[in-house]
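For reference, the structure is listed below as structure tokens.
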Amino acid sequence: MTQHQPLKVLYLSAEVVPFAKTGGLADVAGSLPKAIHALGNDIRVAMPRYGRIDVAKFGLKEAVPAFPVPMDKQLEEASVLEGALAPDIPVYFIENSKYYDRDGIYMYPDDAERFVFFCRSSLEMLKRLDWCPDIIHCNDWHTAIIPNWLKTIYKDDSFFERTATVYTIHNLAYQGIFGYRVLEIAGIAEYGFMYHPEMADLTEVVDFMARGIFFADVINTVSEKYAQEILTPEFGEKLDPLLRDRRDRLFGILNGIDYETMNPATDKYIAQRFDVNSLDKRVVNKLALQREAKLQENAALPLIGVISRLTDQKGFDILGDVVDHLLNLDLQFVLLGTGDPHYHEMFSRIAQTYPGKAAVFLTFNAELAQKIYAGTDMFLMPSRFEPCGLGQMIAMRYGSVPIVRATGGLADTVKDFDPRSSEGNGFSFAAYDRWALFATVVRALENYKYRDTWRKLQVRGMTADFSWNASARKYVDLYYRALAARGKETKLEDYGVVKK
Ligand code: ADP
């Protein structure tokens with residue numbers, strides 16, 4: 001590893017485990033900062049204090065009393081509570097009851113305003129804490145306005161003189177697209193819309209993701225494969241021309257998982273703890289899961305699990321096309337997920353049609369998720385696209401063998417098993433096609449019959465290193481790259497694509 005000076009990093013995320021989670025972003029935000037801290041850096045996290053976050057349970061204390069935050073032509077009030085991700089990793093919670101005292105995290109009509117407020121308050125908070133970070137690390141559209149601000153309204157602010165920005169794309173499909181009004185709220189109306197010759201839409205909407213990509217000192221996404229894929233129209237979600245322009249500063253860094261909390265040897269939610277040397281005990285979890293899910297209790301039947309947001313991205317259309325054929329085979333199926341009502345209906349029907357064989361939980365349940373990772377034989381992710389995917393890595397850590405479509409991070413982490421050479425750690429297919437999915441499940445079932453082969457696959461997954469060790473170092477390198485890039489561009493004209 002390169003020897004580095006310790007850095008001061010503010011890490012911003014709309015969701016952070018254990019405080020608020022809807023998907024993988026929260027896992028990353030709850031674990032990557034720990035790994036960056038372990039490398040000797042002063043990293044601190046900021047997120048909104050959603051109404052559901054229990055102040056007493058997490059021991060949150062006041063860090064900054066109420067202060068004014070510019071929003072449009074008014075001043076709103078923010079205050080900051082402080083908790084911790086781990087000793088010496090503070091988490092700053094931005095408070096404002098009007099914006100955050102609600103049941104959920106997102107999907108409100110004023111989301112743009114809510115996250116602009118979060119970002120602006122975070123920057124203003126830093127001044128009140130008198131803590132000036134070297135790096136502001138922004139994640140996804142919710143925090144993408146910050147690089148834009150540092151190159152416009154905060155450009156001449158001496159407090160941020162040396163601060164560089166890193167923008168991480170966790171999922172290009174969620175860009176945060178809003179109307180002109182947002183520019184006024186964010187105080188950047190005078191700069192107008194963005195302009196790009198190949199992206200006509202940009203002159204009519206405020207696309208937060210595009211702004212993060214455009215203004216950040218460096219950009220990355222969460223696997224090497226996805227970093228390449230998003231340069232193409234197929235995966236670029238209409239931002240590929242901009243990404244191609246910025247490819248000199250676009251990197252792919254594979255996500256890791258938290259090896260402390262995701263550990264079958266210590267997991268408090270599962271019926272039987274186990275590790276790679278006591279894999280025989282694992283069957284207790286399978287039987288417990290079958291009982292809880294009201295599946296036929298049978299250790300020999302292969303049990304396939306899915307844990308996912310129920311959206312088109314995750315491949316549920318092709319799964320829906322073959323699920324009846326699959327359930328006519330000798331296997332069991334358990335699904336945990338929430339999302340599109342259309343998929344809720346589809347999987348409810350499956351559960352009703354195949355009692356004892358298929359179980360469906362249409363909720364978000366972190367505890368049940370661990371039981372499924374620990375109790376299934378196979379874990380299915382037939383994604384249409386997948387920036388990184390954490391499910392397949394958690395599954396492997398828990399001895400459940402992944403069956404995936406080879407795209408994005410799934411392609412980077414799961415190598416298709418070849419019985420001739422005995423290489424591979426799971427099963428994968430390339431074409432986004434129902435029969436390719438079906439054939440791959442059948443192939444997994446065939447191999448499941450050979451106990452030694454199966455054990456080898458499980459051991460490979462469990463002993464692979466999907467921790468943050470390697471990737472955290474890559475992020476620190478990225479931070480240094482951002483600092484180096486920072487001084488070079490100070491004038492808006494240098495970007496060449498902003499129209500007044
Ligand atoms: P994404 O970020 O696209 O949702 P990932 O695979 O990167 O997908 O991460 C998903 C994370 O959310 C995993 O930790 C998975 O276990 C968890 N998860 C998804 N749906 C549920 C659910 N319904 N209940 C509990 N955990 C879930």
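Order of appearance sets the numbers: ligands from 1, and atoms from 1 within every ligand. Quick note: residue numbers are just sequence positions, from 1.
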Quiz item: What residues, two or more places apart in sequence or in another chain, satisfy salt bridge (Lys or Arg N to Asp or Glu O under 4.0 Å) together with Arg460?
Solution: none
Show me a pair-per-line table, with atom names and distances to 0.1 Å, of protein N or O atoms that are under 3.5 Å from an N or O of ligand 1.
| residue | atom | partner | partner atom | Å |
| --- | --- | --- | --- | --- |
| ligand 1 | 2 (O) | Gly24 | N | 2.7 |
| ligand 1 | 3 (O) | Arg309 | NH2 | 2.8 |
| ligand 1 | 3 (O) | Lys314 | NZ | 2.7 |
| ligand 1 | 4 (O) | Arg309 | NE | 2.7 |
| ligand 1 | 6 (O) | Leu390 | N | 2.9 |
| ligand 1 | 6 (O) | Gly391 | N | 3.3 |
| ligand 1 | 7 (O) | Leu390 | N | 3.2 |
| ligand 1 | 8 (O) | Lys314 | NZ | 3.1 |
| ligand 1 | 9 (O) | Gly24 | N | 3.3 |
| ligand 1 | 14 (O) | Lys21 | NZ | 3.0 |
| ligand 1 | 14 (O) | Asp27 | OD2 | 2.8 |
| ligand 1 | 16 (O) | Tyr373 | OH | 2.6 |
| ligand 1 | 23 (N) | Thr363 | O | 2.9 |
| ligand 1 | 24 (N) | Asn365 | N | 3.0 |

Self-check item: Atom pair CG (Leu10) and CD1 (Ile43), whose distance is rounded to the nearest 0.5 Å
Solution: 8.5 Å
Quiz item: Are the side chain of Gln332 and the backbone of Leu301 linked by a donor-acceptor contact shorter than 3.5 Å?
Solution: no
Quiz item: In chain order, what residues pass the side-chain hydrogen bond (donor to acceptor under 3.5 Å, both in side chains) check against Glu297, with sequence neighbours excluded?
Solution: Arg291
Self-check item: Pairs flagged by ring-ring contact (aromatic ring centres under 6.0 Å, His included) wherever residues 254-307 is involved - sequence neighbours left out
Solution: none
Exercise. Report the residue from Asp312, Thr311, Asp317, Thr407 that forms a side-chain hydrogen bond (donor to acceptor under 3.5 Å, both in side chains) with Arg384.
Key: Asp317
